[in-house]
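Here is how names work: the chains are called A, B, and so on, in the same order as the sequence lines, proteins then strands, and each is numbered from 1.
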Amino acid sequence: MNNEELLRLAIVEGAKTLGIEVTPEELTIDRSKDPAHGDYASNLAMKSAKLLHKAPVAIANELIKAIHSPIIEKIEVAGPGFINFFLKKESLGSIIKTIIEQGDNYGQLPPTGKKINVEYVSANPTGNLHLGHTRGAALGDTVCNILEKAGNEVTREYYVNNCGNQVAHLGHSLGERYRELFGIEPNFDKDDYIGNDIIEIAKQLKEEAGDRYLEDNEENRAFFVQYGIDKEFAKIKKDMEDFGVHFDKFSFESDIRKGTTIEDTIKYLSDKGYTYSMDGATFLKTTDFLDDKDRPIVKADGSYTYFMPDICYHYNKMERGFDLLIDMLGADHFGYLNRMRSALMMKGYDPNAIEFGIYQIVRVYQNGVEVKMSKRTGKAITHRDLVSEVGKDAVRYYFAARNGDSHLDFNMDLATSKSKDNPVYYSQYAHARCASLLQIGAEFPIDMTGASLKNEKESDILKQLADFPSMIESSANLRAPYKVANYIEKLAALIHEYYSSVKIIDRNDPKGTSARLGLIKASMITLKNALAILGVSAPDKM
RNA sequence: GCGCUCGUAGCUCAGUUGGAUAGAGUGCAACCCUCCGAAGGUUGAGGUCAGGCGUUCGAAUCGCCUCGAGCGCGCCA
């Protein structure tokens, strides 16, 4: 049990003697910002003022007499009724042993028994990934890491829309580009993809197959679609692997369309009375639930809207036994949430079993000017371009370090500068510094007790290290990757400050050196674990 | 028009179950390498928390209104 938990129990016990009933979970205690306010502070007295009909300060004064714990050095009442707790230095230091013993597992919370499915990226295999996908990938993968670290069983999933209009346009575009290579003037439709990536694929096909697919017939058209999808999808998978993103499962729309799943589902919804026909199309009565408009599921021409197979896909995910589905989507999909929740309710599921992780648009700036992106023209900065230019670590860090609710202004000049301006280097450098110190000081035994760590900077680091598990918890609850990034930057800053103010390896003070190296080792482990959550490497040398 | 998200330092952003003097990075100004990695550190200037009203011991945080930005409101995906 860590210090914070011990402190909570002690406060709860003390409060009970005054007739204040709180559970350790309800109790709010905060890390004090100002060292003069101790290590932890509680506002319990102020919260209880109304209930007890007493002044907060009076309650606080009674409370500090009632609270006893071996880890507490001193308790004070301050300001309008805060209770400040000063912990004994040796109890702060005990975290070092915990961290070194747990190693890579430090910060891993006990199993919750919850199964969570996170769907992210899910880009159509019709072209290069753009920076919106980069944000989805960085945020989605980091959310998965956080949820896992918080004790959940997580499945990372990618839904492949390999049917419908867009892939038809891909096939048509490829066919035109292929014929163009044989001197036939291409004839593109309005929504075709005319980017360079399609030309590349056409060239590849020509090399492999020569003029075998030149004739414009049903069979060849289908071939172009499949060939195009395969090539584009392979590129996407490669891009994601290079980005450190590994999916546990790819679900294909074509599989959903294969059997009678869709027909069966429509029949189920009709039997329940949730559908009706209008103007030759079939509508789903989502307004019976959370939606503000009924949605078509079968068009007048008999084909399905995107929504229909997607309903089946989400039913399928629920049937696989997940307690929670998270879809990471761009802001332009937000209106989709109530639609899908309504569909889940029609099958008797809790609407809160699905949530959307929405992220706002990415704007790219170069030379101070916004760069517009277009997947169709292929002139945009692609995901691949960015990662190869800036590096995986920096991109993942940068894209996960901001709340998805905010617009992300990505400065190409800054990101490509590969200089100290990039915040990821600062954190990695702190790690490398620790590794270097441990190597230089290898002759000294590591003191894991933390007992002789006494100065203020050491206490600050110890408190930050001890905060790691609770940071994981709040970050998981809020699905907030940026909290991890903030944590890392704070810890890295503390390490750099410590390094510059204290001589860590001092051959005239072997005992102190051992203690300081214990702190450095614990810091390094925690920093590495935190960086791993963002998918960023923690190099020993840079 | 309706709905959702956002508005905090010159810039990019933290501050989210309401807490003590609103923070960090970057940029700007001035400093620090006889010493374990200067890819670092120290100090300073810089704020009407978009604006207004309200709720209470206490509001950047909660409620209402106004202004501004983005997105959604397809038989597109």
Checklist entry - Taking atom C1' of B/C57 as reference, at what distance in whole Å does atom CG of A/Asn43 sit? => result 12 Å

Item to check | Which residues share a ring-ring contact (aromatic ring centres under 6.0 Å, His included) with A/Phe468, sequence neighbours left out | outcome: A/Tyr106, A/Tyr487

Checklist entry - Atom NE2 of A/His496 to atom C1' of B/G41: distance rounded to whole Å? => result 10 Å

Checklist entry - Restricting to pairs with a member in residues 487-507 of chain A, which pass salt bridge (charged side-chain N to carboxylate O under 4.0 Å, His left out), not counting sequence neighbours? => result A/Glu443-A/Arg507

Next on the checklist: Of the options B/G41, B/A38, B/G19, whose atoms approach the side-chain atoms of A/Tyr426 most closely?
Outcome noted: B/G41

Checklist entry - Given the C1' atoms of B/U56 and B/A9, what is the spacing between them in whole Å? => result 30 Å

Item to check | Length of the line joining A/Asp460:CG and B/G23:C1', which is rounded to integer Å | outcome: 15 Å

Next on the checklist: With a cut-off of less than 4.0 Å, is there a side-chain N or O of A/Lys299 near OP1 or OP2 of B/C76?
Outcome noted: yes

Checklist entry - Separation of A/Leu478 atom CG from B/A14 atom P, in whole Å? => result 13 Å

Checklist entry - Using atom P of each nucleotide, how far apart are B/C53 and B/G40 to the nearest Å? => result 45 Å

At a cut-off of 3.5 Å, list every protein nitrogen or oxygen paired with a nitrogen or oxygen from nucleotides 30-36 of chain B, distance to 0.1 Å.
from, atom 1, to, atom 2, distance (Å)
B/C35, O2', A/Lys503, NZ, 3.2
B/C36, O2, A/Ile505, N, 3.0
B/C36, N3, A/Ile504, N, 3.1
B/C36, N4, A/Tyr499, O, 2.5
B/C36, N4, A/Val502, O, 2.8

Checklist entry - Can you name the closest pair of heavy atoms from A/Ile504 and A/Leu437 and give their distance? => result CD1-CD1, 3.7 Å

Checklist entry - What distance, rounded to whole Å, do you find between the two C1' atoms, one in B/U21 and one in B/G47? => result 14 Å

Checklist entry - Of the nucleotides B/G41, B/G19, B/A77, which has the atom closest to the A/Met46 side chain? => result B/G19

Checklist entry - Whole Å only: how far is the CZ atom of A/Arg339 from the P atom of B/A77? => result 11 Å

Item to check | Polar pair under 3.5 Å, donor/acceptor by atom type, side chain A/Asn84, base B/A20 | outcome: yes

Checklist entry - Does NZ or CZ of A/Arg402 lie under 6.0 Å from the centre of the six-membered ring of A/Phe399, at an angle within 45° of the ring axis? => result no

Item to check | Listed partners of A/Tyr315 passing side-chain hydrogen bond (donor to acceptor under 3.5 Å, both in side chains), at least two apart | outcome: none

Checklist entry - For A/Asp255, what residues pass the side-chain contact (heavy atoms from CB on, under 4.5 Å) criterion, not counting sequence neighbours? => result A/Phe252, A/Lys258

Next on the checklist: Please tell me if A/Lys483 has a side-chain N or O lying less than 4.0 Å from either OP1 or OP2 of B/G15.
Outcome noted: yes

Next on the checklist: Please give the distance between the C1' atoms of B/U61 and B/G54 as a whole number of Å.
Outcome noted: 15 Å

Next on the checklist: Using a 5.5 Å cut-off between ring centres and planes within 30 degrees, is A/His37 stacked on the base of B/A20?
Outcome noted: yes

Next on the checklist: Let's see if you get this right: which residues in residues 303-311 of chain A place a heavy atom under 4.0 Å from RNA chain B?
Outcome noted: A/Thr305, A/Tyr306

Checklist entry - So, is the end of the A/Lys74 side chain (NZ or CZ) under 6.0 Å from the ring centre of A/Phe86 and within 45° of the ring's axis? => result yes

Next on the checklist: Do A/Asp301 and A/Ser303 pair up side chain to side chain, a donor and an acceptor below 3.5 Å, judged on atom types alone?
Outcome noted: yes

Next on the checklist: Please confirm whether the shortest side-chain N or O distance from A/Asn165 to OP1 or OP2 of B/A77 is below 4.0 Å.
Outcome noted: yes

Checklist entry - Of the nucleotides B/A38, B/C13, B/U42, which has the atom closest to the A/Tyr429 side chain? => result B/A38

Next on the checklist: Can you measure A/Asn486 atom CG to B/U16 atom P for me and round it to whole angstrom units?
Outcome noted: 12 Å

Next on the checklist: From the set B/A77, B/A39, B/C75, return the single nucleotide nearest to any side-chain atom of A/Ala300.
Outcome noted: B/C75

Item to check | A/Asp294 vs A/Ala331, nearer the 5' end of RNA chain B by closest nucleotide | outcome: A/Ala331

Checklist entry - Got a sec, which residues hit side-chain contact (heavy atoms from CB on, under 4.5 Å) with A/Ala400, two or more places apart in sequence or on another chain? => result A/Thr142, A/Pro481, A/Leu534

Next on the checklist: Within the 4.0 Å heavy-atom criterion, would you say A/Ala493 contacts the bases, only the backbone, or no part of the nucleic acid?
Outcome noted: nothing

Item to check | Full working for ring-ring contact (aromatic ring centres under 6.0 Å, His included) between A/Tyr158 and A/Phe250 | outcome: CA-CA 5 Å; A/Tyr158 186 125; A/Phe250 291 95; 5.5 Å; yes

Item to check | Given RNA chain B, 5'-ward residue of the pair A/Asp279 and A/Asp540, judged by closest heavy atom | outcome: A/Asp540

Checklist entry - Would you call A/Asp405 and A/Tyr359 a side-chain contact if the rule is heavy atoms closer than 4.5 Å? => result no

Checklist outcome for this item: A/Ser342 meets the side-chain contact (heavy atoms from CB on, under 4.5 Å) criterion, sequence neighbours left out, with A/Thr286, A/Phe289, A/Leu290, A/Asp291

Next on the checklist: Nearest whole Å is fine: how far is B/G37 C1' from A/Ile520 CD1?
Outcome noted: 13 Å

Next on the checklist: Of the listed nucleotides (B/U42, B/G37, B/C75), which one gets closest to any side-chain atom of A/Phe283?
Outcome noted: B/C75

Checklist outcome for this item: By side-chain contact (heavy atoms from CB on, under 4.5 Å), A/Leu109 pairs with (sequence neighbours left out) A/Ala150, A/Pro469, A/Ile472, A/Glu473

Checklist entry - Any salt bridge between A/Arg8 and A/Glu4, counting N to O under 4.0 Å? => result yes

Item to check | Spacing of the P atoms in B/A24 and B/C57 (rounded, Å) | outcome: 32 Å

Next on the checklist: Under 4.0 Å between a side-chain nitrogen and a carboxylate oxygen: does that hold for A/Asp327 and A/Lys317?
Outcome noted: yes

Checklist outcome for this item: Quick note, ring-ring contact (aromatic ring centres under 6.0 Å, His included) partners involving residues 503-528 of chain A, not counting sequence neighbours, are none

Item to check | B/C71 versus B/C75 - spacing of their C1' atoms, nearest Å | outcome: 23 Å

Checklist outcome for this item: B/C33 glycosidic conformation (syn if within 90° of 0, otherwise anti) is syn

Checklist entry - Dot-bracket for RNA chain B, 5' to 3', with Watson-Crick and G-U pairs under 3.5 Å, [ ] for crossing pairs and | for other-strand pairs: what is it? => result (((((((..((((.....[...)))).(((((.......))))).....(((((..]....))))))))))))....

Checklist entry - Hey, is A/Tyr482 stacking on B/A14? Ring centres under 5.5 Å, planes under 30°. => result no

Checklist entry - Could you give the NZ-to-C1' distance, from A/Lys490 to B/A24, as a whole number of Å? => result 10 Å

Checklist entry - Which letters describe nucleotides 2-9 of chain B, given B = protein heavy atom under 4.0 Å from base, S = only from sugar-phosphate, - = neither? => result --SSS---

Item to check | C1' spacing across the pair B/A60 / B/C13, given as an integer number of angstrom | outcome: 14 Å

Next on the checklist: Within 45 degrees of the ring normal and closer than 6.0 Å to the centroid, is that where the cationic atom of A/Arg295 sits relative to A/Phe283?
Outcome noted: no

Checklist entry - If you look at every strand shown and take non-hydrogen atoms under 4.0 Å, does A/Ala480 touch a base, only sugar-phosphate, or nothing? => result nothing

Checklist entry - What distance, rounded to whole Å, do you find between the two P atoms, one in B/C65 and one in B/G3? => result 9 Å

